[in-house]
Amino acid sequence: MNSAVWYSKEGQNSDVVVSSRIRLARNLPDVPFPIRLSKETAQVVVSRIVSAVEKTGELTKYDFQFLDLSKLSRVKRLSLLERHLISPDLIQKSSGTALLSSTDESVSIMVNEEDHLRLQVMQAGFGLQEIYVLADSIDNLLDAKLKFAFDDSLGYLTQCPTNLGTGMRASLMLHLPALKRTGAINNVVKNLIKLGLTMRGMYGEGTEPVGDMYQLSNQVTLGISEKAAVKNLEDISMQLVNQEKTARNELRSSLSVQDEIHRSFGLLSNCRLLGSNEFMSLVSNVRFGVAVNELKNLSFADLNSLMFKVQAASICLEYGEETNGKEQNRIRADIVRKALGGS
Amino acid sequence: MLCQVCGKKNANVHVKQIVNDVKTEMMLCEDCAQNLGVTSAIEEEFNSGFGDLFGSFFPSYVASPYRLDYSVSRCEKCGTSFEDVSSTGKLGCANCYKTFYDELLPYIKRIHGNTKHAGKVALCARACADNCKSKIEELQIKLKRAVENQEFEQAAVFRDEIKKLKDGGNCDE
């Protein structure tokens with residue numbers, strides 16, 4: 001794994017906002033959508049998109065790596081999912097699908113997932129507006145070559161009407177341990193729906209939140225411009241960030257919260273076997289501890305990298321695809337202990 | 001250890017099944033596990049029934065997704081019918097939006113609360129709009145000249161062309 005990957009960096013408001021992401025759904029106008037694609041035509045779509053990327057001089061700086069997903073093992077695909085480079089759908093269905101990803105994994109293009117092309121830009125911390133500008137410019141370059149399917153009144157045409165219009169999904173990964181503890185999170189989730197936003201677990205649609213990580217994204221894509229949707233999401237998430245910070249300040253003096261933080265740090269720096277769910281709930285407490293200055297000498301960037309590194313498939317990729325569950329737990333414990341300076 | 005089903009590949013999937021309190025265990029290779037429909041806990045978590053989320057916006061049809069029934073209208077480009085769309089929640093191609101525009105509109109309105117795009121315009125549509133604009137300007141000059149010369153039949157043709165372009169006609173025609 002590349003040491004300069006995007007998530008090993010720190011961004012604005014990194015204490016609450018783990019990452020920002022923009023995804024644009026686009027389709028070719030003259031080919032059936034992926035649900036109706038034959039194997040042969042799916043390959044044609046892959047070739048057309050790859051060739052458009054290769055022939056666009058401005059894109060060479062990203063040094064896109066091409067991966068034919070049908071040729072990758074399940075573990076390799078799962079590790080791409082863990083790094084948010086592909087969606088859960090591509091674990092089941094990989095025939096005729098591909099991924100192009102930049103060396104730091106911040107810019108990627110998924111081919112023949114739900115749409116012919118899904119462009120994604122990610123960044124550590126809070127910063128949707130900057131990455132939207134980047135996604136928009138790459139989209140223009142690709143549009144010039146591929147002439148995306150577009151309708152004056154419905155906007156960009158997508159396989160599922162839920163993405164019609166801008167085809168844009170902007171999201172923020174938020175760490176909200178204090179709002180979770182105070183129970184305020186339940187009200188937040190209910191109110192977000194009214195604002196055209198949705199909050200989900202770490203891997204998007206259909207996933208449960210683990211380690212107090214929540215993905216906040218826009219729901220509506222038709223009738224609102226990209227800029228307005230991004231601004232709306234940023235404004236609301238800043239309110240959430242402030243609420244979380246206020247709640248953290250109130251909780252930090254509680255002895256039981258301090259105990260939980262230090263106990264979690266103690267467990268992580270001394271354990272010999274560590275399951276992934278246990279890791280996520282403990283590391284959430286440690287992250288909380290770093291944010292309220294209870295724990296020092298640890299950065300959010302270190303913790304983010306650690307969270308990516310110790311996921312099941314990523315461990316298997318590094319230590320052999322046949323690494324079983326118990327062995328994974330041992331390796332996870334070793335990596336985490338080392339990272340936290342334990343014995 | 002080799003897979004207990006095919007006996008050829010290395011087994012790396014451990015399956016435990018408990019039926020009526022009787023526990024059975026098997027070691028399978030990845031391919032056999034996939035063929036037998038074994039999914040890991042992580043995948044199950046990802047597949048917890050959100051697939052029908054969109055389908056629920058449509059009235060329920062009992063038709064199978066790809067049954068060929070020529071009595072219903074289909075998209076001429078990909079053969080998708082509206083029943084296919086409502087059972088899968090997905091369209092077959094970009095042209096389906098033209099074919100089923102009227103049927104889809106109420107559902108689009110229900111999903112987005114809106115039916116008119118307000119965002120970025122794709123390059124080809126931008127170029128097309130510019131092209132239309134200059135064609136309309138050109139036709140307006142011709143129309144004015146025809147009226148001045150009392151060539152009313154010709155003027156009517158220009159007027160109709162302008163109307164067509166303004167109504168969103170294709171500028172390439």
Side-chain angles (χ1 to χ4, degrees), chain A residues 27-33 35-36 73-75 78 81 88-89 91-92 114 136 139-140 143-144 147-162 164-168 196 201 203-208 219-229 312-313 321-322 324-325, chain B residues 1 10-14 30-31 33-34 39-43 45-51 53-54 57 65-66 75 77-80 84-85 88-98 101 104-105 107-109 111-126 128-129 168:
Chain A
N27 286 282
L28 306 183
D30 50 348
V31 185
F33 291 148
I35 193 177
R36 287 247 163 196
S73 69
R74 211 173 168 76
V75 166
L78 279 168
L81 169 68
D89 280 358
I91 299 299
Q92 300 297 336
E114 197 176 272
D136 182 47
D139 177 46
N140 286 339
D143 191 15
K147 302 191 174 17
F148 295 134
F150 182 85
D151 177 89
D152 286 336
S153 69
L154 297 177
Y156 288 95
L157 301 177
T158 51
Q159 179 171 276
C160 183
T162 48
L164 270 179
T166 59
M168 182 188 79
Y203 296 98
E205 209 168 86
T207 63
E208 285 295 312
Q219 181 85 313
V220 172
T221 52
L222 188 65
I224 180 166
S225 72
E226 291 83 351
K227 281 182 186 137
E321 297 203 357
E322 284 162 34
N324 65 32
Chain B
M1 182 177 183
N10 271 335
N12 49 11
V13 179
H14 185 191
E30 220 171 75
D31 292 341
Q34 209 172 344
T39 51
S40 68
I42 188 168
E43 285 161 38
E45 197 177 299
F46 287 127
N47 297 321
S48 52
F50 270 72
L53 197 62
F54 181 72
F57 282 103
Y66 302 116
C75 169
K77 291 264 162 69
C78 71
T80 298
D84 297 339
V85 177
T88 59
K90 286 165 181 155
L91 285 94
C93 72
N95 190 62
C96 288
Y97 281 104
K98 270 191 191 148
Y101 186 77
L104 281 169
L105 226 49
Y107 303 108
I108 292 174
K109 171 106 181 149
I111 299 165
H112 296 283
N114 211 311
T115 53
K116 182 82 187 119
H117 179 52
K120 182 178 177 179
V121 176
L123 293 180
C124 62
R126 248 181 280 169
C128 187

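Per chain, numbering begins at 1; letters A, B, ... match sequence-line order.
Counting heavy atoms from C-beta outward, A/Arg36 and B/Lys90 have side chains that stay 4.5 Å or more apart. Between B/Cys96 and A/Phe33, every side-chain heavy-atom pair lies at or beyond the 4.5 Å cut-off. The closest side-chain heavy-atom distance from A/Gln219 to B/Ile111 is not below 4.5 Å.
A 6.0 Å sphere centred on NZ of B/Lys116 holds more than 12 heavy atoms belonging to other residues, nucleotides or ligands.
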Verdict with supporting geometry, B/Lys120 and A/Asn140, side-chain contact (heavy atoms from CB on, under 4.5 Å): CA-CA 10 Å; B/Lys120 182 178 177 179; A/Asn140 286 339; 2.9 Å; yes
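Shortest non-hydrogen contact noted between A/Cys160 and B/Gly89 is SG-O, 3.8 Å. Between A/Tyr156 and B/Ala122 the shortest heavy-atom distance is OH-CA, 3.4 Å. The two residues B/Leu123 and A/Asp143 have their closest heavy-atom pair at N-OD2, 2.8 Å. A/Pro32 and B/Cys93 make their closest contact through CA-CB, 3.8 Å (heavy atoms, listed as atom of the first residue, atom of the second, distance).
Proximity to chain A (any heavy atom under 4.5 Å) is restricted, for B/Ile108, to the side chain, taken from C-beta onward. If you measure heavy-atom distances from A/Asn27 to chain B, you find no contacts under 4.5 Å at all. Of the two parts of A/Asp136, the backbone and the side chain both hold a non-hydrogen atom closer than 4.5 Å to a non-hydrogen atom of chain B. Looking at B/Lys77, there are no atoms closer than 4.5 Å to chain A (heavy atoms on both sides), in backbone or side chain.
B/Asn114 contributes atom CG, which lies 10.0 Å from atom OG1 of A/Thr221 (distance to the nearest 0.5 angstrom). Going from atom CG of A/Leu157 over to atom CG of B/Leu91 covers 9.0 Å, rounded to the nearest 0.5 Å.
Remark: the backbone N or O of A/Ile224 is not paired with any side-chain donor or acceptor of B/His112 at under 3.5 angstrom. In terms of modelled atom types and a separation under 3.5 Å, the side chain of B/Tyr97 and the main chain of A/Thr158 share a donor-acceptor contact.
Of the listed residues A/Ser73, A/Gly223, A/Ser225, the one with more heavy-atom pairs under 4.5 angstrom with chain B than any other is A/Gly223. For the options A/Val31, A/Val75, A/Asp139, heavy-atom pairs under 4.5 Å to chain B are most numerous at A/Asp139.
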